[in-house]
Amino acid sequence: MAALGSPLRTLRGLLRELRYVSAQAGRPYRDTAAYRHLREAFRAHRVTSEKLCRAQHELHFQAATYLCLLRSVREHLALHQEYHAKGERSTEEAAGLVGLKLPQQPGGKGWDPW
């Protein structure tokens, strides 16, 4: 299993994602039930003198998994809006999206078709 990192870092990441969602809804994130639940859960599972605290590790794993889900959904929506919401595009616009340029049509200086 991959290392999870610090529980504080995971909590901060979750709160950051919660701020993104709350900003779209137009209300402060500290007024949400999700914020209160996160705060209470992380406070209840602080590091104790036990050598192995299974409940704390389980909470941290679930929080890290949920953080990954929230980030992925937010980034997916951003990509979806950027590339899908434009409707039909010309060939030049489609090539520009992926960083390509179409070749120049012949007929420039010194070109004679016949």
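Remark: T91 engages L102 in a side chain to side chain contact (heavy atoms under 4.5 Å, CB included) (not counting sequence neighbours).
The 12-atom threshold is not exceeded at CD of E92, counting heavy atoms of other residues, nucleotides or ligands nearer than 6.0 Å. Within a 6.0 Å radius of CZ in R9, no more than 12 heavy atoms belonging to other residues, nucleotides or ligands are found.
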Hey, can you pull the donor-acceptor pairs under 3.5 Å for the side chains in residues 32-41, sequence neighbours left out?
{"from": "T32", "atom 1": "OG1", "to": "Y29", "atom 2": "O", "distance (Å)": "2.7"}
{"from": "T32", "atom 1": "OG1", "to": "Y35", "atom 2": "N", "distance (Å)": "3.3"}
{"from": "R36", "atom 1": "NH1", "to": "D31", "atom 2": "O", "distance (Å)": "3.3"}
{"from": "R36", "atom 1": "NH1", "to": "T32", "atom 2": "O", "distance (Å)": "3.4"}

Could you go through residues 68-77 and list every donor-acceptor pair under 3.5 Å that involves a side-chain atom there, pairing it with any protein atom two or more places apart or in another chain?
{"from": "S72", "atom 1": "OG", "to": "C68", "atom 2": "O", "distance (Å)": "2.8"}
{"from": "R74", "atom 1": "NE", "to": "E17", "atom 2": "OE1", "distance (Å)": "2.9"}
{"from": "R74", "atom 1": "NE", "to": "E17", "atom 2": "OE2", "distance (Å)": "3.4"}
{"from": "R74", "atom 1": "NH2", "to": "E17", "atom 2": "OE2", "distance (Å)": "2.8"}

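In this structure, A63 and L14 approach most closely via the heavy-atom pair CB-CD1, 3.7 Å. Across all non-hydrogen atoms, the minimal contact from S22 to P28 is CB-C, 4.3 Å.
The NE2 atom of H57 sits 10.5 Å away from atom CD of Q62, with the distance rounded to the nearest 0.5 Å.
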